[in-house]
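Letters A, B, ... mirror the listed sequences (proteins, then strands); counts begin at 1. Bear in mind that the values here come from a model prediction, so they are computed numbers and not experimental data.
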There are 2 protein chains.
Amino acid sequence: MTAMTPARTAPDLSYLLDHTSHVLRTRMSAELAEIGLTARMHCVLVHALEEERTQAQLAELGDMDKTTMVVTVDALEKAGLAERQPSSQDRRARIIAVTEEGARIASRSQEIVDGIHRRALTTLPDGDREALLRALNHLVDGHLATPAESPRPTRRARQREQ
Amino acid sequence: MTAMTPARTAPDLSYLLDHTSHVLRTRMSAELAEIGLTARMHCVLVHALEEERTQAQLAELGDMDKTTMVVTVDALEKAGLAERQPSSQDRRARIIAVTEEGARIASRSQEIVDGIHRRALTTLPDGDREALLRALNHLVDGHLATPAESPRPTRRARQREQ
DNA sequence: TATTGTTATACTCTATAACTATA
DNA sequence: TATAGTTATAGAGTATAACAATA
């Protein structure tokens, strides 16, 4: 399912944000899939291109778990878009080096992402577009900066092998 | 994980929408959990209160699968907030009747949801708030109305029992 | 002792299939 | 034949635990 559609008393900001972000996400997935990427692969490629970064740093930037990072880097290596290289600073760490092909793909994926955003934004009147971005940035930096801590039904410890 | 943080060329509308909707969702979950509801239970309660509706109609309204609806109604019944009643029109269908307790809880949950939306919106300057809502509605009704069809890796048919 | 990256795996979520009873 | 609701379960996604190498 995609989003709730509750009856409304105050303007249903949740519905508006859920719906728009969901639709954008499906477009990103669909268009990035055409060049063999997921959103996460795109995210890692772009950040790895900016400067030398380890898996842990890239995971932090993309807000991914380190185990999710492993499968993402596996996919990038398998596609020939990046390679794990030993760090000279820390022999535990791996630098993610983007290949030439990876850099080409990254510039195409960035165009795709920018295009999706631009096409959506240009359908809005100039004033509303600017106000929308200003308002969203305001919320992200302020009242909606941090998630409520999830009342996660703390997962039970795994059964020990014996 | 919560959201991507890709490098930016065009304004990163996806990040802004993902982040804000995610934070709102965590608040809703957390605050609704305090009165024993999930977002879906709230959604069903509210729509079931508006008029006599069957599970299928409520599933349609909340954009849920009918199987997801089953577990949601199970939870509502178990909590004593709603009951399945046979429809007089169609003996296959079940009307979801909200109990008195369910109606009380629904009005509290609607207050919770409205409060979360209002508190977020009131942090914005009047003009930006109106433009934000106008812009999001514009996108929902227009350019971002419908999701790209997911290149769903069509699930294989289940193995027949023999 | 703590951290990086890895593997293995457990949990949640949601959708598919198959079924029963109606229509 | 098609639809409402149910059950069982498959599959995707992702997080937890434990581990090896290194700090």
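- Taking atom CZ of residue B:R92 and atom P of nucleotide C:dA23, one finds them 7 Å apart after rounding to whole Å.
- The shortest distance between the side-chain N/O atoms of B:T68 and the OP1/OP2 oxygens of C:dA15 is below 4.0 Å.
- In this structure, B:T54 reaches the sugar-phosphate backbone alone: every heavy-atom distance under 4.0 Å involves primed, P, OP1 or OP2 atoms, never a base.
- Remark: P of D:dA20 and NZ of A:K66 are 14 Å apart, rounded to the nearest angstrom.
- Residues A:D18 and B:L24 fail the side-chain proximity criterion, which asks for heavy atoms closer than 4.5 Å.
- In this structure, A:D90 places its CG atom 14 Å from C1' of D:dA20, rounding to the nearest Å.
- Proximity note for B:A93 (side chain, C-beta onward) versus D:dT22, C:dT6, D:dG5: the nearest is D:dG5.
- When distances run from any side-chain atom of B:R84 to the nucleotides D:dT6, D:dA17, C:dG5, the shortest one goes to D:dT6.
- For the pair A:I112 and A:E34, the minimum side-chain heavy-atom distance is 4.5 Å or more.
- Between A:M64 atom CE and C:dT4 atom P there is a gap of 16 Å when expressed in whole angstrom units.
- Applying the salt bridge (charged side-chain N to carboxylate O under 4.0 Å, His left out) definition to pairs two or more places apart or across chains, those involving residues 71-83 of chain A are A:D74-A:R84, A:E77-A:R84.
- Remark: P of C:dT4 and CD of A:Q89 are 14 Å apart, rounded to the nearest angstrom.
- What separates CD of A:Q85 from C1' of C:dG5 is a distance of 16 Å, to the nearest Å.
- Non-hydrogen atoms lying under 4.0 Å from DNA chain C are contributed by nothing in residues 71-83 of chain A.
- Straight-line distance from the CG atom of B:D65 to the C1' atom of C:dA17: 12 Å, rounded to whole Å.
- In this structure, the nucleotide among C:dA17, C:dG5, D:dA23 sitting nearest to the side chain of A:R94 is C:dG5.
- Side-chain contact between A:V44 and A:M64: present, with at least one pair of heavy atoms (C-beta onward) separated by less than 4.5 Å.
- With rounding to whole Å, A:I96 atom CD1 is found 8 Å from C:dT6 atom P.
- In terms of heavy atoms, A:G102 sits closest to A:L45 at O-CD1, 3.8 Å.
- Residues B:H42 and B:Q110 have side chains in contact (heavy-atom distance under 4.5 Å, counting atoms from C-beta outward).
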Please report the C-alpha distance between A:E111 and A:R108 in whole Å, then the side-chain angles of each, then the deciding distance to 0.1 Å, and finally whether the salt bridge (Lys or Arg N to Asp or Glu O under 4.0 Å) criterion is met.
CA-CA 5 Å; A:E111 273 172 36; A:R108 291 181 60 194; over 6 Å; no

